[in-house]
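Residue numbers start from 1 in every chain, and the chains themselves are labelled A, B, ... in the order their sequence lines are given, proteins ahead of strands. Values reported hereafter were calculated over all heavy atoms of this structure, with side chains retained and with hydrogens, waters and symmetry mates removed.
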Protein chains: 2
Amino acid sequence: MKNKVNRSGCPISSMLDIFGDKWSLLIIRDMVFSDKNTYGDFLKSDEKIATNILAARLLTLEESGVIQKLEHPGSKAKVLYMLTEKGIDLLPVLLEIQFWADKHLTVLPEIKVFLKEAKKDREKFIKTLSRQLKGRLSSTGNGK
Amino acid sequence: MKNKVNRSGCPISSMLDIFGDKWSLLIIRDMVFSDKNTYGDFLKSDEKIATNILAARLLTLEESGVIQKLEHPGSKAKVLYMLTEKGIDLLPVLLEIQFWADKHLTVLPEIKVFLKEAKKDREKFIKTLSRQLKGRLSSTGNGK
DNA sequence: AAATTTGCTTGCGAATTGCAAGTGCAAATG
DNA sequence: CATTTGCACTTGCAATTCGCAAGCAAATTT
């Protein structure tokens, strides 16, 4: 859980020191909303991240303590990437980004339906999904 | 209000197409929380943005419709940068980022106090500050 | 045993970043 | 009213980062 830069004491700036690029948050998105958890999974996402960029981002995300590498239960050739609690706690940020995009950008109808649902009871949605994600966490022996 | 890229139909990805760098959100932060509204104001912020980068970001933010350029009431030499409604609506995103940072990163005590206050009644805080920001908007003749 | 999958690493040209200096107009100053 | 200062940028250029393509070793499948 390394702390590299830190342009200022501002929390937004500090958050951007980790996530201020076009890819890092998408990896978290895939883990939160699409249950992706291997290198190959992330490579396959719609935005087509380059393999070297993916490797670099996974490393910094791990160094920042938002994800962790674990041995994959199904195969030694695979690596299991999991969110830490720090990573799971980004869910409200991801949700608000989507609510904003839903209002001000072009969003696919299927996603609009999902967001409408999530917005209906925001707190409960966050609590339920967070619990679910943190549940998986504790079953790895790394839960708090 | 230009639409340049669009890596996928995902709302998070689309938001990152605009804000996926280390500077854009900081400009919005300065406008929302520090009442900054001139080129010089933004240059002076703690993170020391380079002048060419600032000019480039202001342009894309304007093209994305989150800020607008207006003539400065006090001086012709100055330019007044203002948030649009689209920009003001980023407040919940900025808040959640800060709540996350408050929990998981190192944050200055004064800011922790501010965030504690904001969190106490999140909805009211957002409504009040949004109204305030949108109020300024309508006094420029560009309010909806 | 050979082919394929998986998680990377390496090379390299292209694009972006960031520092420093410069430019043109407006406003303040002497 | 001539000159300096302030303001909002632009330009040049070196350094870093990005992104495509290829390569690679270990594990797994056929």
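- Using a cut-off of 4.0 Å between Lys/Arg side-chain N and Asp/Glu carboxylate O, B:R29 and B:E47 are scored as salt-bridged.
- Shown here are the ring pair (Phe, Tyr, Trp, His ring centres under 6.0 Å) partners of B:W100, two or more places apart in sequence or in another chain: A:F19, B:H104.
- Classification of A:K112 and A:D102 as a salt-bridged pair holds, one side-chain N sitting under 4.0 Å from a carboxylate O.
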Pairs under 3.5 Å (N/O, protein and nucleotides 27-30 of chain C):
residue : atom : partner : partner atom : Å
C:dA27  : OP1  : B:K76   : N            : 2.8

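- Within the structure, no pair that satisfies the salt bridge (Lys or Arg N to Asp or Glu O under 4.0 Å) test touches residues 67-79 of chain A, not counting sequence neighbours.
- C:dT16 atom P lies 14 Å from atom CG of B:L59, rounded to whole Å.
- Among the candidates A:M82, A:K86, A:M31, the single residue satisfying the side-chain contact (heavy atoms from CB on, under 4.5 Å) test with A:I67 is A:M31.
- Protein atom CD1 of B:I53 is 18 Å distant from nucleotide atom P of C:dA21, rounded to whole Å.
- Nucleotides of DNA chain D with any atom under 4.0 Å from a heavy atom of chain B span, from 5' to 3', D:dC7 to D:dG12.
- Atom NZ of A:K127 sits in a sparse spot, with 12 or fewer heavy atoms from other residues, nucleotides or ligands closer than 6.0 Å.
- Neither side chain, B:Q68 nor B:T84, offers a donor N or O lying under 3.5 Å from an acceptor on the other.
- Taking every heavy atom of both residues into account, A:A50 and A:L43 meet most closely at C-CD2, 4.4 Å.
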Taking only distance into account, with no hydrogens and no angle test, what donor-acceptor pairs under 3.5 Å do side-chain atoms of residues 51-59 of chain A form with protein atoms, sequence neighbours excluded?
residue : atom : partner : partner atom : Å
A:T51   : OG1  : A:Y39   : OH           : 2.7
A:R57   : NE   : A:D21   : OD2          : 3.1

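- Separation of atoms NE2 (B:H72) and CG (B:L70) is listed at 10.5 Å; rounding is to 0.5 Å.
- For DNA chain C, the neighbouring residues in residues 15-50 of chain B, judged by any heavy atom under 4.0 Å, are B:W23, B:A50.
- Rounded to an integer number of Å, the gap from CG of A:L54 to P of C:dT9 is 11 Å.
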